[in-house]
Each structure stands twice: as C-alpha cells, then as structure tokens.
Amino acid sequence: MMNLERAWRWQFLGFESAAEGRPVQVWFDALPEEPDRYEITDLLDFLQKTHNRLWPKEVFDPLIGAGGISEIRIPNLRCFRGGKVKIITYRIYGFFGPKEYGQHCYTFLHGNQKDVKNDTIGKQIAKGRLDELTGGFAGIYKFEFQRGPDSTAAERPRRP
C-alpha cells in the first residue's frame with residue numbers, strides 16, 4: 001500500500017503580475033525570520049501535509065461570500081519589538097487552484113499584518129488579484145519559503 005504522504009502534498013503557489021511582481025513573496029521575505037517567518041512556514045508545512053481531512057477552522061476560513069477567496073490564519077505571535085511585547089496577527093489570503101495545476105494547490109494572493117477585526121482592504125486586494133488571474137492578466141509561480149542569494153522575488157515577471 002502506497003504511503004499517502006508520498007503520494008501528494010499541497011503545493012503552494014503565489015500571484016505574480018507585470019505591475020506588482022510577486023507581492024506575497026516580497027511581503028514574506030521582508031518579515032523577521034524569528035519568530036514570524038518561522039511560525040508561518042511551520043503552519044504551512046503542517047497544512048501541506050494535511051491529506052485526509054479539511055484544513056482546521058482555527059487556521060483556515062473559507063470566507064463564504066467573499067468572491068472565491070479564503071484566508072489562512074496564522075496564530076497570533078507574541079513578539080518583543082521596540083522595547084515592548086506586541087501581539088501580531090498575520091493573514092494570507094488565497095484560493096484553491098488554479099485547476100490546471102492539479103487539485104492540490106493553493107495560491108497566495110495577498111499577505112499582511114492584520115490590524116483590524118475585519119480586514120476588508122486585504123480581502124479586496126486579494127479579490128482584485130484573483131480577478132486579474134482569472135482574466136489572464138497575471139500568472140502564478142511556485143512560492144519560495146527559503147530566501148537564497150539567487151532569489152527572484154523582487155523581479156518583475158514578463159507579462160503572462
């Protein structure tokens with residue numbers, strides 16, 4: 001019997017456009033490594049391996065009625081910044097797809113630090129980027145969790 005974990009894992013993709021480059025990659029790469037990027041990567045690694053059930057509601061919201069986008073909820077981080085302990089809340093908005101990449105992919109459309117209870121602006125940005133993708137005005141790429149010396153995250157891609 002084949003091990004299910006070897007059969008497939010969720011693939012994470014990112015939005016890219018000629019106008020914006022790779023905005024979620026740029027946002028992610030600019031986060032402090034400890035604990036921010038570490039915690040986000042740890043959560044996404046857990047979700048990537050979740051094969052036999054829905055993603056837990058504590059860390060995923062399908063955002064019913066939001067035009068096809070959903071959100072990954074990174075648990076609040078307690079960080080020491082500016083001489084004070086701060087609670088930081090991050091969200092990554094995205095969608096399941098595109099279908100031509102298989103049925104086990106999730107595309108990041110927008111990532112941000114959430115400072116309000118209902119992040120309507122972040123959701124609007126994500127929905128606008130989804131519309132660009134479905135309209136053929138933007139593309140996707142395999143999201144990079146490790147920054148390297150040859151990282152192309154800030155480069156502007158060619159028009160799809």
Side-chain angles (χ1 to χ4, degrees), residues 10-50 53-99 101 104-147 151 153-157 160:
W10 285 98
Q11 179 180 2
F12 292 115
L13 308 170
F15 168 89
E16 69 178 344
S17 72
E20 294 186 84
R22 296 178 171 180
V24 183
Q25 189 74 60
V26 170
W27 166 78
F28 179 79
D29 290 347
L31 293 173
E33 188 167 347
E34 288 286 336
D36 308 52
R37 272 192 289 133
Y38 175 79
E39 290 296 329
I40 292 170
T41 302
D42 191 49
L43 172 63
L44 294 173
D45 185 56
F46 165 75
L47 293 177
Q48 187 178 47
K49 297 173 188 172
T50 304
R53 63 186 186 285
L54 298 174
W55 288 351
K57 65 182 178 180
E58 296 81 22
V59 295
F60 178 76
D61 186 345
L63 297 176
I64 304 300
I69 64 165
S70 55
E71 76 178 359
I72 295 175
R73 302 171 169 174
I74 290 78
N76 290 342
L77 301 174
R78 296 178 70 91
C79 302
F80 190 73
R81 305 244 167 97
K84 297 180 181 179
V85 174
K86 294 186 175 189
I87 304 295
I88 299 177
T89 303
Y90 290 116
R91 293 293 184 263
I92 300 175
Y93 300 98
F95 75 103
F96 291 105
K99 295 196 184 317
Y101 282 79
H104 302 115
C105 60
Y106 187 85
T107 300
F108 303 141
L109 298 167
H110 180 65
N112 69 347
Q113 181 175 328
K114 181 180 169 187
D115 297 321
V116 294
K117 185 168 177 68
N118 184 5
D119 182 18
T120 56
I121 294 172
K123 293 174 189 175
Q124 287 172 353
I125 291 169
K127 177 64 174 114
R129 289 177 180 160
L130 177 57
D131 291 345
E132 285 184 60
L133 275 171
T134 57
F137 301 106
I140 59 170
Y141 67 97
K142 186 175 189 303
F143 195 81
E144 300 171 23
F145 292 101
Q146 299 289 329
R147 282 195 288 194
S151 177
E155 290 181 12
R156 300 264 187 230

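The first residue of the sequence shown is numbered 1, and numbering continues consecutively from there.
In this structure the side chain of D36 reaches within 4.5 angstrom of the side chain of L77, judged on heavy atoms. Put simply, the side chain of R73 does not reach to within 4.5 Å of the side chain of E58, judged on heavy atoms. In this structure the side chain of F145 never reaches within 4.5 angstrom of the side chain of I40, judged on heavy atoms. F28 has its side chain within reach of T41: a pair of non-hydrogen atoms, C-beta onward, lies under 4.5 Å apart. No side-chain heavy atom of C105 sits less than 4.5 Å from a side-chain heavy atom of I140. Between F95 and L133 the shortest side-chain heavy-atom distance falls below 4.5 Å.
Judged purely by distance below 3.5 Å, without hydrogens or angles, the side chains of Y101 and T107 never pair a donor atom with an acceptor atom. Between Y93 and N112, the side chains place no donor N or O within less than 3.5 Å of an acceptor N or O (distance only, hydrogens not considered).
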Practice problem: Show your reasoning for whether side chain to side chain contact (heavy atoms under 4.5 Å, CB included) applies to Y90 and N76. | Solution: CA-CA 7 Å; Y90 290 116; N76 290 342; over 6 Å; no
Quiz item: Can you check salt bridge (charged side-chain N to carboxylate O under 4.0 Å, His left out) on K123 and D119, steps first, answer last?
Solution: CA-CA 6 Å; K123 293 174 189 175; D119 182 18; over 6 Å; no
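Between the side chain of R129 and the backbone N or O of L109 there is at least one donor-acceptor pair closer than 3.5 Å.
In this structure, L47 and P56 approach most closely via the heavy-atom pair CD2-CD, 4.1 Å. Of all non-hydrogen atoms in L13 and P98, the two that sit nearest each other are CD1-CD, 4.1 Å. Contact detail for L43 and P75: the closest heavy-atom pair is CD2-CD, 4.0 Å. Heavy-atom minimum distance, Y106 versus E71: OH-N, 4.0 Å. When all heavy atoms of L63 and I69 are compared, the pair lying nearest together is CB-O, 3.4 Å. Nearest heavy atom pair, residue E132 against residue F15, reads OE1-CZ, 3.9 Å.
In this structure, CH2 on W10 lies 11.0 Å from CD on Q48, to the nearest 0.5 angstrom. The CZ atom of F12 sits 8.5 Å away from the CG atom of D45 when rounded to the nearest 0.5 Å. One finds the CZ atom of R37 at 13.0 Å from the CG atom of L44 (value rounded to the nearest 0.5 Å). Here D61 contributes atom CG and S70 contributes atom OG; the two are 8.0 Å apart, rounded to the nearest 0.5 Å. The NZ atom of K142 sits 10.5 Å away from atom CD of Q25, with the distance rounded to the nearest 0.5 Å.
For F108 and F143, the ring centers are positioned less than 6.0 Å apart. Ring-centre distance between W55 and F46: not below the 6.0 Å cut-off.
Heavy-atom contacts from other residues, nucleotides or ligands closer than 6.0 Å to CD1 of I87 number more than 12. The number of heavy atoms from other shown groups lying within 6.0 Å of OH (Y38) does not exceed 12.
Screening R78, E39, Q113, K114 for a side-chain contact (heavy atoms from CB on, under 4.5 Å) with I88, the sole residue that qualifies is Q113.
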